[in-house]
There are 2 protein chains.
Amino acid sequence: MTLDIGTAAKPRTMRLRADATRNRERMVDAARETIVEFGPDFPLDEVARRAGVGNATLYRHFTDRTELIRQVALSVMARTAQRAEDALVEEPDAFSALQRFVFEAADERVGALCPMLSSAFDRAEPVVEQGRRRMENAITAIMDRAQCSGQLRGDIAVGDLMVALTQLTRPLPGTGCVGFDRFVRRHLQLFLDGLRAPARSTLEGTAATLEDLQGCQ
Amino acid sequence: MTLDIGTAAKPRTMRLRADATRNRERMVDAARETIVEFGPDFPLDEVARRAGVGNATLYRHFTDRTELIRQVALSVMARTAQRAEDALVEEPDAFSALQRFVFEAADERVGALCPMLSSAFDRAEPVVEQGRRRMENAITAIMDRAQCSGQLRGDIAVGDLMVALTQLTRPLPGTGCVGFDRFVRRHLQLFLDGLRAPARSTLEGTAATLEDLQGCQ
DNA sequence: TACGAAACGGAGAGCCCTTCTCCGTTTCGC
DNA sequence: GCGAAACGGAGAAGGGCTCTCCGTTTCGTA
């Protein structure tokens, strides 16, 4: 509904105050990190704490947790799609584009999108659907190019990449493991090596798309 | 694992009743599954529910959550070590042994060991230390053989394998994603393909051992 | 600089979930 | 068939999360 945020009903047409805008951005960022770490049931107070604002400010900007998740999802999808589009255009080598995208997506914390698989989240909403489609198209384009050039194995799809990416970059819950990030990039690289053509094995099951993931709710 | 469970202090020397033994095993199994799904902060009542026993029974067998985690850790480490030892002996091919171990470890839910990284858990305890060492030795043996035979890349260590394994097999929190397991084996296989020699990339950082992981608390 | 409106933050009430215990009932082993 | 061991449901106690109230601070403008 943020097509025009408050929509017709509310006088949100007026510009937010400078500090309000700044805080709003901080809160979405903080929410992204918190979701990645805690999963869909993240505590809202933790988001406020990380954003450096009072919890009341959080509730003032987002009516409820669903609305906050929605904003995070839109933000992450848009930024990730942009990264993918940039990588596709700017990288001369097809597999390099894929690699670049994977590492950048990790930085963007695509894992924050996992609440989208929750039943509480309305994926069918036009704006969300549109964001997902843009992201999926961009990633598919990267993968297609790499597959056509014979550098990426052909038996995988977007869902395989995104789920593994989410899983490998997810922090261990409860443990504030500081040195952990140092290993994540290694594991992503190892996974990427496994994606290269020629395939070194035969995969069981079928390639996963993003729809497949949503379908299993 | 039940070497001397209750230790000397308690009259646990007497044999448990048949149903008690059965329930105890069920509870440890249920705890393993629950920890994998919820992380270190798993609800104890959920364990009881999954084990098909009343919550009181759980508290009767394990004084507190720490004790339960300890038993799970010992159980998982022992079973995983056994799997590794078996694979090493029974598989003629070095990389096949590694592959077999990875899939079996996933089935054993090694992800349940992640509470061991929590500060609340005493890793220094002799029995735990011993279990960890046995497991680490067994896995190292498998990896060493595969590296010596030129099938496994040389720039990785036990920690790399176990963390990635844990991450890739961890269920998405909150979402009871039924069809999810179907993809896990695919991702493990892709990761394994990335582990093969010759290495298709240069990894940054240094190979991770299990100590490295514990060190980062 | 001064003023009004917008935005903020801390504290606290209400609620739910988790932990843990009590005690009557059931099951096991002999 | 009996005694002891084990069980399970219910419920009190505690803690954390959600959300709101209201006094204070900050921003934007004249």
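Throughout, protein chains are lettered first and strands after them, A, B, ... in sequence-line order, and every chain is numbered starting at 1. The structure displayed is predicted, hence computed values, not measured ones.
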Identify, with sequence neighbours excluded, every residue that meets side-chain hydrogen bond (donor to acceptor under 3.5 Å, both in side chains) alongside [X].
| X | answer |
| --- | --- |
| A:R185 | B:E204 |
| B:T206 | none |
| B:R134 | B:Q82, B:E85 |
| A:D122 | none |

Of B:R22 and A:T21, the one whose closest nucleotide on DNA chain C sits nearer the 5' end is A:T21
Quick check on C:dG9: is either OP1 or OP2 less than 4.0 Å from any side-chain nitrogen or oxygen of A:T57? yes
* Would you tell me if any nitrogen or oxygen in the side chain of A:H61 comes within less than 4.0 Å of OP1 or OP2 on C:dC8? => yes
With sequence neighbours left out, the residues meeting side-chain contact (heavy atoms from CB on, under 4.5 Å) with A:A51 are A:R26, A:M27, A:A30, A:V53
Between B:R65 and B:F42, is NZ or CZ placed under 6.0 angstrom from the six-membered ring centre and within 45° of the ring axis? yes
Against the side chain of B:A18, the closest entry in D:dT18, D:dA6, C:dC28 is C:dC28
Euclidean distance, atom [atom1] of residue [X] to atom [atom2] of [N] [Å, nearest integer]:
| X | N | atom1 | atom2 | result |
| --- | --- | --- | --- | --- |
| A:R24 | C:dA6 | CZ | P | 17 Å |
| B:L16 | D:dA5 | CG | C1' | 10 Å |
| A:L58 | C:dC8 | CG | P | 11 Å |
| B:E46 | C:dT18 | CD | C1' | 12 Å |
| B:R15 | D:dA4 | CZ | P | 18 Å |
| B:N23 | C:dC28 | CG | C1' | 12 Å |
| A:E67 | D:dC19 | CD | C1' | 16 Å |
| B:I69 | C:dT19 | CD1 | P | 11 Å |

Residue set satisfying salt bridge (Lys or Arg N to Asp or Glu O under 4.0 Å) with B:R22, at least two apart, ordered chain then number -> none
The salt bridge (Lys or Arg N to Asp or Glu O under 4.0 Å) partners of A:E108 (sequence neighbours excluded) come to A:R79, A:R83
Axis-to-axis angle for the helix from C:dT1-D:dA30 to C:dC30-D:dG1, ends of five pairs each, to 10°, equals 40°
Touch class at under 4.0 angstrom, heavy-atom based, for A:F42 against every strand present
sugar-phosphate
Provide a list of protein-nucleic acid N or O atom pairs under 3.5 angstrom, restricted to nucleotides 20-26 of chain C.
unit_1 : atom_1 : unit_2 : atom_2 : d
C:dC20 : N4     : B:N55  : ND2    : 2.8

Q) Taking side chain as C-beta onward, heavy atoms only, is B:F101 less than 4.5 Å from B:T80? A) yes
